[in-house]
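The structure under discussion appears below in the form of structure tokens.
Only this structure's heavy atoms are used, side chains among them; waters, hydrogens and symmetry mates stay out.
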Number of protein chains: 2
Amino acid sequence: MKEPGLDLVAEARRQWVAHGWTGPDRGMAAVVSLMRAQQIVLGRLEEVVRPYGLSYARYEVLTLLSFTRRGELPLSKIGDRLQVHPASVTGAVDKLEQQGLVVRVPHPEDRRAVLARITDQGRRVAEQSTAALNEGPFADIGLAADQAERLLELLAELRRSAGDF
Amino acid sequence: MKEPGLDLVAEARRQWVAHGWTGPDRGMAAVVSLMRAQQIVLGRLEEVVRPYGLSYARYEVLTLLSFTRRGELPLSKIGDRLQVHPASVTGAVDKLEQQGLVVRVPHPEDRRAVLARITDQGRRVAEQSTAALNEGPFADIGLAADQAERLLELLAELRRSAGDF
DNA sequence: CGCGCTTGCTTGGGAGCCAAAGCAATGGTT
DNA sequence: AACCATTGCTTTGGCTCCCAAGCAAGCGCG
């Protein structure tokens, strides 16, 4: 047994209140919950996707490409859509390229830009890993459907108020 | 202006539905929201805490220590409470130690164990950074109080069903 | 007693993210 | 046409997290 039975977030919140920090205690608890939940969920995703030789970050890139008309996108667009730093995109594409799931091709009009294009093998891997995610973590995130929907709304509200869209 | 006005999560969900993946689309959207929200929130926290020479990870360690009776804890306990890998704790304590916010002292009974003890300076930094967080991100996470509370509950439920406690 | 499993920490390596700097190509301005 | 700010990508370096391996100390069992 390694289960302390205690909710660490509730524990932290009690500390906050005990120190007289009532008010911020709610936000603190929400923040800590968020971090922890993300950690758990991401762990699951990585697990599911690993057998396909992917990390979740690279899975996102691959899937994004598979959704585009021509299967290609400038790296900058990838960064925009996925909300990650250009350097991260470079790294992900490097790895995907050396795995043969993507190739870099020059942009036909803008010689500064580079397109990442998904390969046939890349498409196969994208399909398979998506299927695995759809059957696993995406099918059940540990909440009832209406709860998941409500969570989604609250997170959207949080993101909205942070200017995410 | 660089605001596309579009919610990228809603966009992804549309793609899912368009591909006939209805059902998992909800979980997918919830997961992606969660990741994005965490990214946003963590970014805020790092920002607030940086002026004190801390990262959020190290802030957590420091605060945890400040809450204990004697201001010290074996590294293993820190890992348990914060739910992070032992190697991460070693790294965080290394850094805190070289910043003079913490010292390593031998465990009086178990010679394998090492205690991290917060220093006076560490306490000051912990206080100040906590105050900053309490006035900033913790006071307002971008949701009304009842919404934040509801979010907290949903995340707790998610964590619970993942066996987090 | 002593062998062996467990526990506690550290080290080394991989991967991700970000910030800042460098370089090339663009494109608007004068 | 010449200039210079902007854009697109890469590189380097810092930080976090994890895994796996290594080593020391504790503990339990025959």
Side-chain angles (χ1 to χ4, degrees), chain A residues 1-2 35-36 38-47 49-50 52-62 72-99 102-116, chain B residues 1-2 35-36 38-47 49-50 52-62 72-99 102-116:
Chain A
M1 279 336 102
K2 27 92 78 39
M35 312 283 265
R36 180 70 188 134
Q38 187 265 359
Q39 183 186 19
I40 291 172
V41 170
L42 180 57
R44 276 208 206 299
L45 301 179
E46 297 282 5
E47 209 174 293
V49 121
R50 187 176 322 133
Y52 303 97
L54 294 178
S55 65
Y56 185 67
R58 273 174 284 146
Y59 165 79
E60 286 192 304
V61 172
L62 205 54
E72 60 188 26
L73 231 41
L75 299 211
S76 56
K77 285 286 175 207
I78 298 177
D80 290 348
R81 297 290 296 271
L82 264 28
Q83 308 267 34
V84 298
H85 197 279
S88 303
V89 177
T90 295
V93 171
D94 280 354
K95 191 69 193 273
L96 287 170
E97 190 167 29
Q98 84 188 47
Q99 289 182 293
V102 143
V103 286
R104 255 180 254 245
V105 303
H107 190 295
E109 283 132 38
D110 187 340
R111 265 179 312 172
R112 292 170 301 180
V114 175
L115 298 176
Chain B
M1 279 334 101
K2 27 90 80 41
M35 313 282 265
R36 179 69 188 135
Q38 187 266 359
Q39 183 187 20
I40 291 172
V41 171
L42 180 56
R44 277 208 204 300
L45 301 179
E46 298 282 6
E47 208 175 295
V49 122
R50 187 177 323 135
Y52 303 96
L54 295 177
S55 63
Y56 185 68
R58 274 173 286 150
Y59 165 78
E60 285 192 304
V61 172
L62 204 55
E72 59 189 27
L73 231 41
L75 299 209
S76 56
K77 285 286 175 207
I78 299 177
D80 290 347
R81 297 290 295 274
L82 264 31
Q83 309 265 36
V84 297
H85 197 279
S88 304
V89 177
T90 295
V93 171
D94 279 355
K95 190 69 194 270
L96 286 170
E97 191 166 29
Q98 84 187 50
Q99 290 182 291
V102 144
V103 285
R104 256 179 252 245
V105 304
H107 189 295
E109 283 131 37
D110 188 340
R111 267 179 309 172
R112 292 170 302 180
V114 176
L115 299 176

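Residue B:Arg104 is in sugar-phosphate contact alone, with no base atom involved, counting any heavy-atom pair closer than 4.0 Å across all strands shown. No engagement by B:Glu46 is indicated, since no non-hydrogen atom pair under 4.0 Å with the nucleic acid exists. Note on A:Arg58: only backbone sugar-phosphate atoms sit closer than 4.0 angstrom, heavy atoms only; bases stay farther off.
Rounded to the nearest 0.5 angstrom, A:Ser76 OG and A:Leu73 CG are separated by 8.0 Å.
One can place CD of B:Glu60 at 13 Å from C1' of D:dC17, the figure rounded to the nearest angstrom. B:Gln38 places its CD atom 11 Å from the P atom of D:dC17, with the value rounded to the nearest Å. Rounded to an integer number of Å, the gap from NZ of A:Lys77 to C1' of D:dC9 is 15 Å. Atom pair B:Asp94:CG and D:dT16:P shows a separation of 11 Å (rounding to whole Å applied). Atom CG of A:Leu75 and atom P of D:dT11 are 12 Å apart (whole Å). With rounding to whole Å, A:Leu42 atom CG is found 13 Å from D:dC17 atom P. Rounding to whole angstrom units, CD of residue A:Glu109 and C1' of D:dT7 are separated by 16 Å. Distance CG (B:Leu45) to P (D:dC15): 18 Å, rounded to an integer number of Å.
For B:Gln83, the side-chain hydrogen bond (donor to acceptor under 3.5 Å, both in side chains) test picks out B:Asp164, with sequence neighbours left out. Residues passing the side-chain contact (heavy atoms from CB on, under 4.5 Å) test with A:Ser88 are A:Val84, A:His85, sequence neighbours excluded. A search for side-chain hydrogen bond (donor to acceptor under 3.5 Å, both in side chains) contacts involving B:Glu47 returns nothing, not counting sequence neighbours. In this structure, the side-chain contact (heavy atoms from CB on, under 4.5 Å) partners of A:Ala92, at least two apart in sequence or on a different chain, are A:Arg58, A:Val61. With sequence neighbours left out, B:Tyr56 forms a ring-ring contact (aromatic ring centres under 6.0 Å, His included) with B:Tyr59. Checked against salt bridge (Lys or Arg N to Asp or Glu O under 4.0 Å), A:Glu72 has the following partners two or more places apart in sequence or in another chain: A:Arg70, A:Arg117.
Taking every heavy atom of both residues into account, A:Ile78 and A:Ala116 meet most closely at CD1-CB, 4.1 Å.
Put simply, chain B comes within 4.0 Å of DNA chain C, heavy atom to any atom, from C:dT7 to C:dC18, going 5' to 3'.
A donor-acceptor pair under 3.5 Å is formed between the side chain of B:Gln99 and the backbone N or O of B:Gly53.
Comparing A:Arg111 and A:Ala57 against DNA chain C, the residue whose closest nucleotide sits nearer the 5' end is A:Ala57. The nearest heavy atom of DNA chain C to A:Asp110 and to B:Leu73 marks one nucleotide each, and the one closer to the 5' end goes with B:Leu73.
The only member of B:Val49, B:Val102, B:Val93 that meets side-chain contact (heavy atoms from CB on, under 4.5 Å) when paired with B:Leu62 is B:Val102.
Of the residues in residues 81-90 of chain A, A:Val84, A:His85, A:Ala87, A:Ser88 come within less than 4.0 Å of DNA chain C through at least one heavy atom, sorted by number.
Sorted by first and then second residue, the side-chain hydrogen bond (donor to acceptor under 3.5 Å, both in side chains) pairs involving residues 103-115 of chain B (not counting sequence neighbours) are B:Asp94-B:Arg104, B:Glu97-B:Arg104, B:Asp110-B:Arg112.
By the 4.5 Å heavy-atom criterion applied to side chains, B:Leu42 and A:Gln38 are not counted as neighbours.
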Protein-nucleotides 3-6 of chain D N/O pairs under 3.5 Å:
none

